[in-house]
Amino acid sequence: MLQAGKGTFSRGPAMLPRYLTRFDPDYIRGVARQIPYQRLQGGLFPGIEVWMRRDDLLDPLVSGNKAYKLLYNIQRMRDQGLDTIITCGGAWSNHIHATAAAGQRFGFKTLGIIRGHRPARFSATLRDAERFGMELYFVSRAHYKKRAAGDFLASLDLQTRRGHFIPEGGANMEGLMGLRMLGEVINESSPVDFDQVWLACGTGVSLAGLQAGLGTAKVVGIPVLKAESGIRKEVSTWLADARCRRTPEVLNGYHCGGYARQTDELTDFQQHFERVTRIPLEPVYTAKLAYALSKEIDAGNLAPHCRILLLHTGGLQGRRGLCIG
Ligand SMILES: *Cc1c(COP(=O)(O)O)cnc(C)c1O
């Protein structure tokens, strides 16, 4: 169980995002301690005490878990005397968006390698990224598949850029360290003792980092991609690298058709959740997270009165790609 710390919490809907003015570990840790925990009322999760930690409020642009993943990557870039972050992602990537926004605000260059040929009309995410000053580099889907290869940058003639490369989604050890810090902050700041901490998973790095930081608390990950079985293996590899012996639970069956796919039931649930709590979600990650919890409660898989913390991992900019609400 996670012991209560001394965090702030609030029931009110009218909470505004903070605005990060620095980007170093001490500062971010301090801001993270102020993030509110919100009790979810209104009969959404009958018989269970559910709270949401609002890391979507960390910053309006450098949002949620992507901010924590960037933190030690940017430090690494600076320590190496480099001035550019090179990374990759799709046209609606939260990681691309957060990286570009951080580069503009904190004074480093950003280069985004984007999956697929340059479109005639940019997604809202890419329009923002370009406006934030990110240099966009479009590659064919076939070429993009080689993004994990050691010579990926060389194959694009980008090896001469003085950049620190971050893999897709911010999935590296530095990314994990940022989420481990978030886990430590949750230990210090949670307003009540939580039995379980839940979050949505893409690469699984956030799940691994949180487990490493949270220690003994039970952590539950909800994969949003169809390749669910791969996540468990990825997570255990990350945890071994981080020398963490605990294994989080991975709960399959809630990808709703795959990455960025939706079902009518998911959409209905998201709209209902947003109406009742007045907390905005996005359909790729956080809606599936809350939906999974609701279905698990319906199925009788949770002990009565247990206390669950859901992490709002941000990424609301992605709502613009998937029309809802
Ligand atoms: C990227 C993202 C995740 C998943 O993080 P991973 O570390 O890749 O598992 C969850 N929620 C949101 C909102 C995200 O943008």
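The first residue of the sequence shown is numbered 1, and numbering continues consecutively from there. Order of listing sets the numbers, starting from 1, for every ligand and every atom in it.
Listed by chain and number, the residues in a side-chain hydrogen bond (donor to acceptor under 3.5 Å, both in side chains) with Tyr137 amount to none (sequence neighbours excluded). In terms of the salt bridge (charged side-chain N to carboxylate O under 4.0 Å, His left out) criterion, Arg118 has no residue partners (sequence neighbours excluded).
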Inventory of protein N or O atoms under 3.5 Å from ligand 1 N or O:
| from | atom 1 | to | atom 2 | distance (Å) |
| --- | --- | --- | --- | --- |
| ligand 1 | 5 (O) | Asn65 | ND2 | 3.0 |
| ligand 1 | 7 (O) | Lys69 | NZ | 2.7 |
| ligand 1 | 7 (O) | Thr203 | OG1 | 3.4 |
| ligand 1 | 7 (O) | Ser206 | N | 2.9 |
| ligand 1 | 7 (O) | Ser206 | OG | 2.6 |
| ligand 1 | 8 (O) | Lys69 | NZ | 3.2 |
| ligand 1 | 8 (O) | Thr203 | N | 2.8 |
| ligand 1 | 8 (O) | Thr203 | OG1 | 2.7 |
| ligand 1 | 9 (O) | Gly202 | N | 2.7 |
| ligand 1 | 9 (O) | Thr203 | N | 3.2 |
| ligand 1 | 9 (O) | Gly204 | N | 2.9 |
| ligand 1 | 11 (N) | Thr313 | OG1 | 2.6 |
| ligand 1 | 15 (O) | Lys66 | NZ | 2.8 |
| ligand 1 | 15 (O) | Asn94 | ND2 | 2.7 |

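Side-chain contact between Lys69 and His95 is absent, with no heavy-atom pair separated by less than 4.5 Å.
Through side-chain heavy atoms spaced under 4.5 Å, either directly or across other Ile, Leu, Val, Met, Phe, Trp or Tyr residues, Val205 is tied to Met173, Leu176, Trp238.
When all heavy atoms of Asn94 and Gln317 are compared, the pair lying nearest together is OD1-NE2, 2.7 Å. Scanning all heavy atoms of the two residues, the minimum distance from Pro248 to Val235 falls at CG-CG1, 3.7 Å.
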